[in-house]
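Only heavy atoms go into these numbers, but all of them, side chains included; no hydrogens, no water, no symmetry mates. As the structure lists them, so they are numbered: ligands from 1, and atoms in each ligand from 1.
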Amino acid sequence: MSATLIKGTEIREQILEEITAEVADIKEKHGVVPGLVTILVGESPASISYVTLKIQTAHRVGFKEIQDSQSVDISEDALLALIDKYNNDDSIHGILVQLPLPKHIDEKKVLNAINPDKDVDGFHPVNVGRLMIGGNEVKFPPCTPAGIQEMIVRAGVETKGAEVVVVGRSNIVGKPIANMMLQKGVGANATVTIVHTGTKDLAAHCKRADILIVAAGVPDLVKPEWIKPGACVIDVGVNRVGEKISEKTGKKIAILKGDVDFDAAKEIAGYITPVPGGVGPMTITMLMLNTLKSLKFKLGLA
Ligand code: GUN
């Protein structure tokens, strides 16, 4: 058997088209568009490329977008003042501070300074709490877990009563996706297990999974024999395992590998996400959706 591929690149296009249409409609009726600011501190190439993609995508769907780049030496106080400025800017509905931040800046303090009603990353403790409560309380689900759930739903995979096993307990992926999958509602209502580096028998848990979500950051961690035949496998891992020359551009690019041994796993799974082109494109897409939602909350449309 060969698994059905769940392609984030295709789902992204569908959702971005939906967002573009909704932005145009709101602009016509209310004379306003969603505004997103991304704050980048320093010049890490990976962060620059992520932020550039976020801004390009915001532009594509018709948002007002600002990329605010700051020197690596910016003081914590100056960064907090900058966040305050955008908290008080009515044309901005989403504020994203690209992580990681330099060591001299307290990341927690910075994330806590963002107005929770503009926290489109969903990292503020208020939004983490809202996610935990579930239902109508949820305003901004964190982008990667929201993308994972969207992919599962759009692929038509049954989640109600499913055994979901999440590998990894990070605050950005593992903990929130586990929490989302156990809530009552569409794309959830599952029985959820989180496994991690302290788990005794990783393989035994994975073998039970109808939906296996792997966010461990270890290339090829999940072996084909750990996968239940027909299971839905979501690979969140993006591991740089080397470099190659791009056929398209002639430039050096990273060779990426997921946390799942894809070639072998696709013969056993019922559904599987590729790396790259799977979960990755969904994260920025859901950021756009959260920013649109932020404006809709403000206008009383959501
Ligand atoms: N760095 C890597 N991923 C993310 C993300 O989803 N949001 C932010 N703010 N920074 C990141």
Under 3.5 Å: donor-acceptor pair, side chain of [X], backbone of [Y]:
X: D210; Y: E163; value: yes
X: N290; Y: V120; value: yes
X: K118; Y: I95; value: no

Query raised in the report: Do the charged groups of E22 and K29 touch, with an N to O distance under 4.0 Å?
Result: no
Query - Lys/Arg N to Asp/Glu carboxylate O, E18 vs R154, below 4.0 Å - result: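 Salt bridge: yes.
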Query raised in the report: Going through the checks in order, is the side chain to side chain contact (heavy atoms under 4.5 Å, CB included) test met by V126 and V128?
Result: CA-CA 5 Å; V126 166; V128 175; over 6 Å; no
List below, pair by pair, the N or O atoms of ligand 1 and of the protein that are less than 3.5 Å apart, including the distance to 0.1 Å; reply 'none' if no pair qualifies.
residue: ligand 1; atom: 1 (N); partner: Q98; partner atom: NE2; Å: 3.2
residue: ligand 1; atom: 1 (N); partner: L99; partner atom: O; Å: 2.9
residue: ligand 1; atom: 7 (N); partner: D121; partner atom: OD1; Å: 3.2
residue: ligand 1; atom: 7 (N); partner: D121; partner atom: OD2; Å: 3.3
residue: ligand 1; atom: 9 (N); partner: V97; partner atom: O; Å: 2.8
residue: ligand 1; atom: 9 (N); partner: D121; partner atom: OD2; Å: 2.6
residue: ligand 1; atom: 10 (N); partner: L99; partner atom: N; Å: 3.0

